[in-house]
Colleague: 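Sharing a structure with you now.
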Protein chains: 2
Amino acid sequence: MKERARPAPLPRLILTDSVYEAVKELVMDQHIEPGARVNIDQLARDLRVSPTPVREALARLEMDGLVIKEPLRGYSIAPILDAAAFEQLYEVRGLIEPFAARRACERANRQLVTALQREIDAMRKTIEGLRPEKPLGYRDYREFAFQDARFHEAIAAASGNELLGETLSRLRSHLHLYRLYYATGIGPETAAEHEAIVKAIAAHQPEEAAAAMAEHITRSQGRQRRAFES
Amino acid sequence: MKERARPAPLPRLILTDSVYEAVKELVMDQHIEPGARVNIDQLARDLRVSPTPVREALARLEMDGLVIKEPLRGYSIAPILDAAAFEQLYEVRGLIEPFAARRACERANRQLVTALQREIDAMRKTIEGLRPEKPLGYRDYREFAFQDARFHEAIAAASGNELLGETLSRLRSHLHLYRLYYATGIGPETAAEHEAIVKAIAAHQPEEAAAAMAEHITRSQGRQRRAFES
DNA sequence: GTTCCCAATATCCTATAGCATATTGCCGCC
DNA sequence: GGCGGCAATATGCTATAGGATATTGGGAAC
C-alpha cells in the first residue's frame, strides 16, 4: 500500500482554476505591480503547484489582457490603463449598459427588484461601517468594487441576453479598472445612483431606467477621471 | 559539437501561437465536429509538438468559447449556436456596429474609403469567379467570410476606439458563426449593402452610415436565419 | 572613457515518466 | 432477464529533467 502523508497544499478543485483566481487576486490587490515580470517557476513554487497549471492560468489571463506574453522573455503584468483606454472603456460601457438596463426593465419582476435593492443596502452598510478616523484598507475598496460589479452584472444578466453580460465582463479593462478604485474614494453617490436605476425598474419605465444608467455611467466616469488625473 | 539533423516540424514562431491558430482553423473548417472530444496527446502527436503548448492553446480557446473543459474529462468542441444564442449575437452586433459606423464616418478620410472600396471589389471578384456549374468548395465560403469580417473590422478599427473593435472580435460566437456561412449561400446582397455603407461614409453623413449599417445587420440576420432553420 | 565582444547566468520551452481519477465492460447476484 | 458492483482501461493531471535562446555583466581594445 501507499502512505498518505502529503500535506495537500491547496484546497484542490481544478488546480488550473485555483491558480487562475489566485493570480487574478494577486494582480488586482496590488501585490504585484504593473509592468513587473512574472516568473513561472517562482510563481509555481509560491503556490506549491507544478508549472503546468501556472502556464494554463497565465494563458487565460493573457486573453483577459491582464498579463502580456513576450516571445522568449516570458510574462509580465500588463500596464495600467492610460487616459485614452480609460475614455474608450467608458464609451463602450455607455453604449452597452443603458441598453441592458432597458431590456432588464422590460422583463423585470419582483425578485429582480428585491435582489438589486439588497445589493444597494449591502453597499450602504459597507459605507456606514467605515470609521473616519481609521484609514481605508484595501479590503474596503475591494468590497465596494465587488458590490458595484455585482449590481451591474445583475442587471446585465436580467436583460435576457446572456451574451450581453458576457461581453460586459469580458471588457478586459474592467479588471484594471478595479485597481483604480483605490484612488477613487468611496462615496454615497454610487449607491444613490443605483437607487435611481432600481426605482425606474420598479416603476416599469424602460426609458427612464436606460437614462438613469447612462447618467450613472457618465457620473462614474467623472469621478474616476478626477482620481485618474492625480 | 552537436549534430543538427532535426527536421524542424513546424515553421517555429511561438509554438503555442501556431497551435492556437491551427486548432482554430481545424474547428472552423469543420475538420472536427462540434461536441467531439479532443485528446491532448493525440492532438500533440498530430501537430508534432509536445503536450504543453497544446494545453496553453486549448486554455486560450476555452476563453474564446470555442472549446469546453470539463473537470476530469478533458476538452471537447463547443456545440454550434442554438437559435437563442444566434438572436442574441445579432442583438449585440446591432447595438455595437452602427455606433462604430457613425464614429468611423465622423473620423473618415480618403484612405479609409478607398480601403473599404477595395474590400468590396475583392468580394465582388470572388462572387464573379464562381462557376455556376461547379459546386462551391469550402475555400469559397472561407474567402467570402474573411472578406466580410475584414470589412467590419476595418470600420470598427476606424472608429477611433480600439476597445470597440476588440469587443466585437471577442464575441465568441463569431467563430461559430463562420461555420454558418456554409449554409448561407453567397449572394451579391452583402456587397451591395457594404456599398451603401461606404457611400454614406464617403459623403460624411454619420447618421446615414449608422442607419445603413443597422439595415445591413438586420438583413444579414434574416439571411442567416433562413439558412439556420433548415 | 567609451564601445564592442564574449561568456556566464537565468529563463523559457520541450519532452517524458508516474500518479490519480473517470469511464466502460463484464461478471455475479437478485 | 435486469441491475448493481467491481475490475481493467484510458485519459488527464502533476512533476521533473534537459536543451535552446535572450539577457546581462565584465573585460579588452580603440
Side-chain angles (χ1 to χ4, degrees), chain A residues 1-23 26-27 32-63 66-78, chain B residues 1-23 26-27 32-63 66-78:
Chain A
M1 297 299 277
K2 303 192 64 59
E3 53 199 348
R4 302 240 175 202
R6 297 288 296 277
L10 262 181
R12 291 257 172 186
L13 305 168
I14 304 297
L15 217 39
T16 298
D17 295 342
S18 307
V19 174
Y20 175 73
E21 294 298 334
V23 174
L26 232 52
V27 174
I32 310 180
E33 59 186 18
R37 298 276 293 272
V38 175
N39 185 308
I40 294 178
D41 295 341
Q42 182 65 45
L43 190 58
R45 279 194 298 272
D46 292 348
L47 298 174
R48 310 289 290 269
V49 297
S50 78
T52 305
V54 174
R55 284 179 170 280
E56 295 187 4
L58 287 174
R60 291 196 210 171
L61 289 165
E62 192 195 6
M63 296 304 276
L66 205 63
V67 301
I68 293 176
K69 182 182 189 179
E70 287 166 293
L72 284 190
R73 293 175 44 92
Y75 289 94
S76 50
I77 305 299
Chain B
M1 295 297 278
K2 302 191 65 58
E3 52 200 350
R4 300 246 177 196
R6 297 291 294 278
L10 263 181
R12 292 260 171 182
L13 304 168
I14 304 298
L15 218 38
T16 299
D17 296 342
S18 307
V19 174
Y20 175 74
E21 294 297 335
V23 175
L26 233 53
V27 175
I32 309 180
E33 59 186 17
R37 298 276 294 271
V38 176
N39 186 308
I40 294 178
D41 293 342
Q42 182 65 46
L43 190 58
R45 278 194 297 273
D46 292 349
L47 297 174
R48 311 288 291 270
V49 298
S50 79
T52 305
V54 173
R55 287 181 167 280
E56 295 187 4
L58 286 174
R60 291 198 211 169
L61 288 166
E62 191 195 6
M63 298 302 276
L66 205 62
V67 301
I68 294 176
K69 181 183 188 178
E70 287 165 295
L72 283 192
R73 293 175 43 90
Y75 289 95
S76 49
I77 304 299

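Just so it is clear: chains get the letters A, B, ... in the order the sequence lines come, proteins before strands, and each one is counted from 1. Please read all numbers here as calculations on a predicted model, not as lab measurements.
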Colleague: Please report, rounded to the nearest Å, how far the P atom of C/dC13 is from the CD atom of A/Glu56.
Modeller: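 So the two atoms are 14 Å apart, to the nearest Å.
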Colleague: Among the nucleotides D/dC13, C/dC12, C/dA15, which one has an atom lying closest to any side-chain atom of B/Ile40?
Modeller: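 Of all the options, the side chain of B/Ile40 is nearest to D/dC13.
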Colleague: Please tabulate the protein-to-nucleotide N/O contacts below 3.5 Å involving nucleotides 23-25 of chain D, giving atom names and distances.
Modeller:
{"residue": "D/dT23", "atom": "OP1", "partner": "A/Arg73", "partner atom": "NH1", "Å": "3.2"}

Colleague: For the pair B/Glu62 and A/Arg60, evaluate side chain to side chain contact (heavy atoms under 4.5 Å, CB included) and give the outcome as yes or no after the intermediate values.
Modeller: CA-CA 8 Å; B/Glu62 191 195 6; A/Arg60 291 196 210 171; 3.9 Å; yes
Colleague: Assuming nearest nucleotide by heavy-atom distance, tell me which of B/Thr52 and B/Val38 is located more 5' along DNA chain D.
Modeller: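 That would be B/Val38.
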Colleague: Starting at CD of B/Gln42 and ending at P of D/dG12, how long is that distance when rounded to a whole Å?
Modeller: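 Computing the B/Gln42:CD to D/dG12:P distance gives 10 Å.
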Colleague: Looking at C/dC12, C/dA15, D/dG12, which one has an atom nearest to any side-chain atom of B/Arg55?
Modeller: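 Comparing C/dC12, C/dA15, D/dG12 against the side chain of B/Arg55, the answer is D/dG12.
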Colleague: Measure from CG on B/Leu43 to C1' on C/dA15 and round the result to the nearest Å.
Modeller: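 Interatomic distance, CG of B/Leu43 to C1' of C/dA15: 16 Å.
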Colleague: Roughly how many Å is it from CG in A/Asp17 to P in D/dT14, rounded to a whole number?
Modeller: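 To the nearest whole Å, that distance equals 10 Å.
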Colleague: Please name the pair of heavy atoms, one in A/Gly35 and one in A/Ser76, separated by the smallest distance, quoted to 0.1 Å.
Modeller: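 That closest heavy-atom pairing would be O-CB, 4.1 Å.
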Colleague: Nearest-Å distance, CG (B/Leu47) to C1' (C/dA15)?
Modeller: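 Nearest whole value for this atom pair: 16 Å.
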Colleague: How far apart are the closest heavy atoms of B/Asp41 and B/Asn39, and which atoms are they?
Modeller: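 The answer is N-OD1, 2.9 Å.
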Colleague: Salt bridge or not between A/Glu56 and B/Lys69? Use side-chain N to carboxylate O under 4.0 Å.
Modeller: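 Between B/Lys69 and A/Glu56 there is a salt bridge, with a charged N closer than 4.0 Å to a carboxylate O.
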Colleague: Starting at CG of B/Leu61, measure out to CE of A/Met63 and round the result to the nearest 0.5 Å.
Modeller: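 B/Leu61 atom CG to A/Met63 atom CE measures 7.5 Å (nearest 0.5 Å).
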Colleague: Rounded to the Å, how far apart are B/Asp41 CG and C/dT14 P?
Modeller: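 Atom CG in B/Asp41 sits about 16 Å away from atom P in C/dT14.
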Colleague: Could you tell me how far apart B/Lys69 (NZ) and D/dT11 (P) are, to the nearest whole angstrom?
Modeller: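 Roughly 17 Å, once rounded to whole Å.
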Colleague: Quick check on side-chain contact (heavy atoms from CB on, under 4.5 Å): which of A/Leu66, A/Ile68, A/Val38 does A/Ile77 satisfy it with?
Modeller: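 Only match with A/Ile77 under side-chain contact (heavy atoms from CB on, under 4.5 Å): A/Val38.
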Colleague: Output the single nucleotide from C/dC13, D/dG12, D/dA15 whose closest atom is nearest the side chain of A/Val49.
Modeller: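 Selected nucleotide (nearest to the side chain): D/dA15.
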Colleague: How is B/Val54 classified with respect to the nucleic acid when contacts are heavy atoms under 4.0 Å: base, sugar-phosphate, or nothing?
Modeller: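 If one applies the 4.0 Å heavy-atom cut-off, B/Val54 turns out to touch nothing in the nucleic acid.
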Colleague: Which nucleotide, C/dT11, D/dG12, D/dT16, lies nearest any side-chain atom of A/Asn39?
Modeller: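 The closest nucleotide is C/dT11.
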Colleague: Carefully, step by step, assess B/Arg55 and A/Arg55 under the rule side chain to side chain contact (heavy atoms under 4.5 Å, CB included).
Modeller: CA-CA 9 Å; B/Arg55 287 181 167 280; A/Arg55 284 179 170 280; over 6 Å; no
Colleague: Just N and O in the side chain of A/Ser50: are any of them under 4.0 Å from OP1 or OP2 of D/dA15?
Modeller: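 Indeed, a polar side-chain atom of A/Ser50 lies that close.
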